[in-house]
Every structure is written in structure tokens, then in C-alpha cells.
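Computation of the quantities below employed the complete heavy-atom set of this structure, encompassing side-chain atoms and omitting hydrogens, waters and symmetry-equivalent molecules. Note that this is a predicted model, so its numbers are computed, not measured. Read the numbers this way: they start at 1 and go in the same order the structure lists the ligands and their atoms.
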Amino acid sequence: MKKILYLFSSFCLLFISGCSSIDVLNPKGSQGNEQLSLIKLSIYIMMLVIIVVVALFIWFVYKYRARPGHQPFPRQENRNKKLEITWTVLPFILLFILAVPMVKSVFGEAQMDNSKAMKIKVTASEFWWKFEYPEKGVVTSQELHLPKDQRVVLELHSKDVIHSFWVPQLGGKQDLIPGRTNKLAITPEKIGTYQGKCAEFCGTGHSYMRFTVKVDSKQDYEKWLDHMKKDQSSGQKLSADETEGRKLFGKNCLSCHATSGLTGADKKGPNLTDFGDRDHVAGVLKNTPPNLKQWLKDPEKVKPGSHMPKPEGLSEHDYTALSHYLQTLKK
Ligand code: CUA
């Protein structure tokens, strides 16, 4: 019996641990908090239903069990008005209890005043994220930086197919649809790093279409913005190795990737301005020089379906130099 229970719980855990680094029920933003309270309400109602159903089930199994001198089938009835009314009205009441706060929350959010909200344009492409700050003229990719306690309206666009923006700890999930602008408001309330991902199957690289949200204090956020406005590829003291990497970058990568976070300087591939400060390579691997090298050598192997071409004719040493140079792009 113990063994069966153990196997069963391991089996269940397998499903619970499915989204490893994504924390779903631990909100750090006002919308996330509201959603969690709605989820809790629906769980309590469902628990009540389950308890009643299981109790009735056990009672019936006992009452109508086969035993000598007892008819196992209950008397068949044609109509029972009382019962019919009960099982029609009860679910209606339960749904009503669930629906009122839910509708209130959805419409309340839609009617919020967005005049003081910060606007950020989010563009999803196969299989990466671009974040533009139009009021600041700054652009970045894969890591969204936000100041604490500031309401943000994300304007969601897609370059190709339908994607879905999802950072459960900050709240909400919203589709990005080609040719249409969807909006999603979030208000982060705690400084920290939160994981997000694309939540709509969008192609081969879908499960690797991850991103990070970094919530900072107002001052740190402003510092980050200032840093993004500087060109990271010049004015730095680089080692011989890194200088060689910079040359290789200019020759092989600069046509697609910008190293300045200014909107006007952006290119078609992910912006790499603060690459050295990022947690991940391509949203998938931990950002270390060996992992970066692995990505540069064979992007398709790390992130299937990505449109990143393999640089041609580079030696082992070239890849090392390139990965060292990219790590210098930071504050
Ligand atoms: Cu983009 Cu799934």
C-alpha cells in the first residue's frame, strides 16, 4: 500500500514540476495577487463540491451494498421535483458566487486609469522577445526591466505567428496576434527576477521562447536606462582576445544585432546591448562563456527553429574570442 501511495505521489509530482523555473502561484504584482485570490475562491468551491460528491458516493456504496436478503437496486423513480430543483439551483448559486468577483475584477482592470501608466511595446518573433520603451527611446531583448510599483501597459505585437505573453508572478496571460495590438497591464510590487515564457504553441522553438522580467527600484531602473543609451561596443578597455572578438562581431554579427540600446540603432535580430548582464543565452542556457560558445557554434541544436544563422568559417579560437567579447557588453 505504501509503495502504491509513493508511486502515485511521484507520478503527480511529475506533472506539478512540469514548469520548472516558472513560479505560478507566488504573485509579486497587484494583478497576480488578484488572480491568485480568484483561483483560491474557485478551488474552495470545487473542494466543497468534491467533498459533497465523495460523501454521497461513500454513503450510497454502503447503503446499496449487496447483502443477503437485500435488493441491490434502489426503487426507480420517475420524477422527484425536490431533487431536480436542488441540483439545478445549487450549481447556479455556486457559479454565481464564482462569477461575480471574476467579472468585477476583469471590468475593474479594464476601467483603470492608464494615463499615468508607462507604455512598453512588446514584439514577439520566432522565438524571442523585443521590448521597446518608446517614451525613453530605448530598446532591449529577452530581459524586460521594470521599476517597482509602476503601472505598466504592455502593447503586444507579433512579427509572425500567434504567441502568448505570460509572467505568472506578475499576472495575466495575453496573446500576441499578427496585425493586431493587444494590451496587458501589470504593476510589479516586489523587486526581483521573474521568469516568463510564450504560452501559445508557435512552432519548433516554442518551449524555448522564454524571457526574464527584472523589477528594480526606481533609481536602479533609471541607471539601467542610462546604461542602455550608451554604445557598449566602443570606449571600453578590452583585452587582446576581446578586441579580436569585437572585430569578429563587426564582421559576422553586426548586420543583425545592435550593441546600442537606442531605438534608432536597432537591427532585425535581438538587441545585445546589456548581453553580459543577462541571465541566459537565447533564453535557454545559463549565460556563461562555454554555453555562449555552444550557442554560437550551433544555434539550431540549442534552440531548434531559431532563425540565427551559423557563422561560417570561424575557428575554435574565434568562437572563444567572440564569446569573451560578448560578455563585456555590460554595465
Ligand atoms: Cu511563441 Cu510559443
With F60 via ring-ring contact (aromatic ring centres under 6.0 Å, His included) - residues at least two apart: none
Does some side-chain heavy atom of Y133 sit less than 4.5 Å from a side-chain heavy atom of V139? no
Can you name the side-chain hydrogen bond (donor to acceptor under 3.5 Å, both in side chains) partners of K148, sequence neighbours left out? none
Near atom 2 (Cu) of ligand 1 (protein N/O/S, cut-off 2.8 Å, waters excluded) we have C198 SG, E200 O, C202 SG, H206 ND1
Please enumerate all residues that pass side-chain contact (heavy atoms from CB on, under 4.5 Å) together with P101, with sequence neighbours excluded. L38, L41
Establish, for the pair R65 and Y62, whether the NZ or CZ atom is under 6.0 angstrom from the six-membered ring centre and no further than 45 degrees off its axis. yes
Against the six-membered ring of W166, is K173 placed for a cation-pi contact (under 6.0 Å from the centre, within 45° of the normal)? yes
